[in-house]
Amino acid sequence: MKSRREFIKTGLALGATFSLADLHGLFAADASPGGGAPAIPATNASRSVLIAVRDGSRTAMLDKAIAELGGMERFVKKGQTVVIKPNISFDAPPERGSNTDPELLGHVVTLCFAAGAKSVSFFDHTLDQWQRAYAASGAERVARETGAALVPGNDQSLYREVAIPRGVQLRSARVHSLVLDSDVFINVPVLKHHGGPLMSACMKNLMGVVWDRRFYHRNDLNQCIADFLTFKQPALNILDAYHPMVRNGPHGRSVDDVVEMRTLLASTDIVAIDAAGAKMLGLQPAEVGYVKLAADMKLGTMNLDNVDIRRFKLA
Amino acid sequence: MPRSRLKLLRVIAALVVFTGLTAALVDFRGLVPTALGHWLASVQLVPSLVALVTGASVSLAGIIIIGVTLAAGRVYCSAICPLGILQDVVARIVAWTRRKGTRSLPYARPWTWLRQLFLWGTVAGVAAGWSGLTLALLDPYSNFGRIAADIFRPLVTLANNAVAGLANAAGIGTLYRVEPQWTGAGALHQPAILLALLAVLVALRGRLFCNTLCPVGTFLGLLAQRAAFRLAIDKSACQKCAACLGVCKSQCINLRTSTIDFSRCVACYNCIGACQDRGIGYRFAWARQANIRPAPTAPDLQRRAFITGTAVAVAASLGTGSLLLAQVQKLRANRARGNDRDQNEPEPSNAICPPGAVSVDRFLERCTACHLCISACPTHVLQPAFLEYGIAGMMMPRLDFARSFCAYTCRTCEEVCPDGAISLLELADKQVARIGEAQFDEDKCIVKTKGTDCAACSEQCPTQAVSTVPYGRNLRLPRVNRDLCIGCGGCEYACPVLPAKAITVTGLRRHSQAQKSAEKKAVAPTPAGGFPF
């Protein structure tokens, strides 16, 4: 994990730039991540764009989606540090659909480097034992092959307490310093069923950047998931829906739980992309508690009629 | 450089065994291959004999050690036994810190009665059905295991964290911080006291522990006393310079009679190299007209002790074997008889033992609490028990679901266990080995008490024995399917309810088998081909 060096350097550099007290600095950075893409879509000014691609290989679908969004250069500027948050939480192989597919993850890393990223790191605060999850999900191999940094997510000392003033339930949280300190934050989860809020996709995936997951579960899971978005939103969300786990989620029992749909979604609007994910699982977006709450808090667009959906079939 | 080739061999063997075992036991990152720890532990006398006698494996290491001892004395005690080697390491440290150089220890008479007491005590403990705890307390390998795993491991982890901080600041990314795993005081006091005792004994009296308290040392000493080749002093060459006394850790060289008490000699071979006159060496002692005779001063006493000892040792090994076998058969019979009743009302256990242990009773009989599995466990769910199993299970590994849970795809503890206390199951069998059963108390559940979604338990459940069912207004309440539950503890660990969890796992005294789900391939929730939005 040579990447850790980069991470520490970044941490030191950024630590000097932003003091913890200066959280507004972080928000300012969020509002226009990468210097252009709107992370929090303005309510009326412009419609959110959702790219939906079907029937290609994961890499081909990703290439198409990113090209449609204006290229990775729109999100990653030369010399920037990038943190990717995949879902690599489970000690299960890629075919089980519990984790973000390694091929897709690897290709996101490659595109970031091609856009001139100084460093690309990824991590997850895993549910299963972290080394086993990193290995089984294929993330370890991706890091080795692409030169990205795979950083431990189970080390409490890497998380820093931040205030979440606009949160309803989640008023503060310890957040992984990579998320706090990197220039660009990219969310690459997998679409899955969830036994609680019915779906795990982009918003739910962000629980993995926080130290105390149990706090969420104890204090209205759906509200906490929505609250986190008031603190930080990814510059870009890429949802792996190649073979979603449609039941027994988010852990899953066997490969029988996945159904091949060969789809990839991408958007800067995390609520819109999750709303589309819900539809793919046969749900109404408002049935997923946190999607509705986030929409009510004006953190994105749940009503897909108000979203500029661009659909592509590659085959 | 040792002047004796035998000593050189002994030091090399000791370094290999000690380094390997210590690395396996302090391995806080899971870097040491499980096979190495397993192999080095399996060649230890007690684990090997336990495995052989219980039929866990055809482990011949113990037989070979006995054979070597009968041939050439207690080679085991200085070259293979990690607790013996640890004492040599402590002795080195003591020597460095002493200003006036090494202190030489004079000859001392053996404490035969105390040695016999510990040996007999061990035999009695095993015979009384307390084999696990007895061996745990007295087996030198297992004692070393606990010292290394419970004391050295967290200290090494702390050192790693200090170095990792510096290394990362310097741009080296191969190290990372690891949470140190502290053993609870209830299980920690025994290795801590023993380590302190060893340090004092080594500083004052050399290998007195090995020659007085250690039943393995005494047992092997009884054989060594009768060994075919024994170290002896060549009277014609000896100048009585006492150079050998200066290097002997066992206080077993009697220069007045020019004899070596070979039952207490730990075969370190220091004396061979120390003797300028080449006056000490192995002599064949089974010849009819042996040159070496027992010391004339107390021949009867020694002889009597030896004969009694050998008789006891033989009886002990036979007795232990038959008793253990009898117990195993009794257990099997019990299990067979209990099977019908089992299905309806399994007997609960306060402490939960790992998959592969088969039953708490079998486990407590065979486990010598060496803590190799505790060190190797990647989730750290395995923790030493205090009184959770009762007194007979003190220091034995148990699954602590407050700390973690048992990983579904993991068989590490089964792979490292040297004495078959945790049998190596096929992964498919491990994944249905039911060690406990989840109990859900919906009145404590967040979904009911707060009216918000949770499903933390189901999120963690690998078999989906814990799933959720619709509840109230767009909520999902956990539900347990007992047939599928294996008792891994994921649900209990994940449950966020304070102070008492809403879902807990009750251990099973006898493990049983869970069912595999018969669910068919999932169907697509939306029409295939297009976009459902």
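Lettering of chains follows the sequences in order, A, B, ..., and the numbering in each one begins at 1.
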Please check if atom NZ in Lys292(A) has more than 12 non-hydrogen atoms from other residues, nucleotides or ligands closer than 6.0 Å. no
Do other residues, nucleotides or ligands put more than 12 heavy atoms under 6.0 Å from the CZ atom of Arg479(B)? no
Most heavy-atom pairs under 4.5 angstrom with chain A, which of Lys450(B), His380(B), Glu519(B)? Glu519(B)
Between Phe533(B) and the options Val307(A), Asp305(A), Leu304(A), the side chain to side chain contact (heavy atoms under 4.5 Å, CB included) test singles out Leu304(A)
Taking all non-hydrogen atoms of both residues into account, name the closest pair between Met261(A) and Pro525(B) and its distance. CE-CD, 3.5 Å
Given heavy-atom pairs under 4.5 angstrom as the criterion, report whether the side chain, backbone, both or neither of Ala494(B) touches chain A. backbone
In terms of heavy-atom proximity below 4.5 Å to chain B, should Tyr216(A) be classed as side chain, backbone, both, or neither? neither
Non-hydrogen atoms of chain A under 4.5 Å away: do they reach the side chain of Leu484(B), the backbone, both or neither? side chain
Just give me the residue among Asn154(A), Leu198(A), Asn222(A), Val246(A) that pairs up with chain B most often, heavy atom to heavy atom, under 4.5 Å. Leu198(A)
What I'd like to find out is whether the side chain of Ile446(B) reaches to under 4.5 Å of the side chain of Arg218(A), using heavy atoms alone. yes
Which one of Thr379(B), Thr409(B), Thr449(B) has the most heavy-atom pairs closer than 4.5 Å to chain A? Thr409(B)
Calculate, to the nearest 0.5 Å, the distance between atoms OG1 and NE2 belonging to Thr463(B) and His251(A) respectively. 9.0 Å
Toward chain A, the part of Tyr408(B) with a non-hydrogen atom under 4.5 Å: neither
Which value, rounded to the nearest 0.5 Å, describes the distance between Glu179(B) atom CD and Ser157(A) atom OG? 8.5 Å
Non-hydrogen atoms of chain A under 4.5 Å away: do they reach the side chain of Ala407(B), the backbone, both or neither? side chain
Part of Gln131(A) within contact of chain B (heavy atom distance under 4.5 Å): side chain
Heavy-atom pairs under 4.5 Å with chain A - which of Ser458(B), Pro462(B), Gly451(B), Ala524(B) has more of them than the others? Pro462(B)
Measure across Lys313(A) and Gly530(B) and return the closest heavy-atom pair with its distance rounded to 0.1 Å. NZ-CA, 3.9 Å
Does the side chain of Gln223(A) reach to within under 4.5 Å of the side chain of Thr452(B), using non-hydrogen atoms? no
Under 4.5 Å heavy-atom distance to chain A, tell me which part of Val178(B) shows up: side chain, backbone, both or neither. neither
So which of Thr263(A), Val259(A), Leu50(A) has the biggest tally of heavy-atom pairs under 4.5 Å with chain B? Val259(A)
Engaged part of Cys410(B) at the chain A interface, taking heavy atoms whose separation is under 4.5 Å: both
Rounded to the nearest 0.5 Å, what separation is found between the OG atom of Ser467(B) and the CZ atom of Arg253(A)? 8.0 Å
Between Ile225(A) and chain B, with a heavy-atom cut-off of 4.5 Å, which part of the residue counts as in contact: side chain, backbone, both or neither? neither
State, with a plain yes or no, whether a side-chain heavy atom of Arg214(A) is found less than 4.5 Å away from one of Leu498(B). no
Does some side-chain heavy atom of Arg132(A) sit less than 4.5 Å from a side-chain heavy atom of Pro378(B)? yes
State, yes or no, whether a side-chain contact exists between Lys279(A) and Phe531(B) at a heavy-atom distance under 4.5 Å. no
Once rounded to the nearest 0.5 Å, what's the spacing between atom OG of Ser517(B) and atom CG of Asn248(A)? 7.0 Å
Pairs of heavy atoms under 4.5 Å with chain B: top-ranked of Met280(A), Gln129(A), Arg247(A): Arg247(A)
Hey, could you give me the CD/CG distance between Glu459(B) and Leu127(A), rounded to the nearest 0.5 Å? 5.0 Å
Under a 4.5 Å heavy-atom cut-off, does chain B meet the side chain of Phe312(A), its backbone, both or neither? backbone
Closest contact, heavy atoms only, Asn474(B) versus Glu287(A): ND2-O, 3.0 Å
One should read off an interatomic distance between Asp220(A) CG and Asp453(B) CG, to the nearest 0.5 angstrom, of 8.5 Å
Flag the pair Lys521(B) / Asp257(A) as yes when at least one side-chain heavy-atom distance between them is below 4.5 Å, and no otherwise. no
Heavy-atom nearest pair, Ala455(B) first then Gly195(A), reads CB-C, 3.7 Å
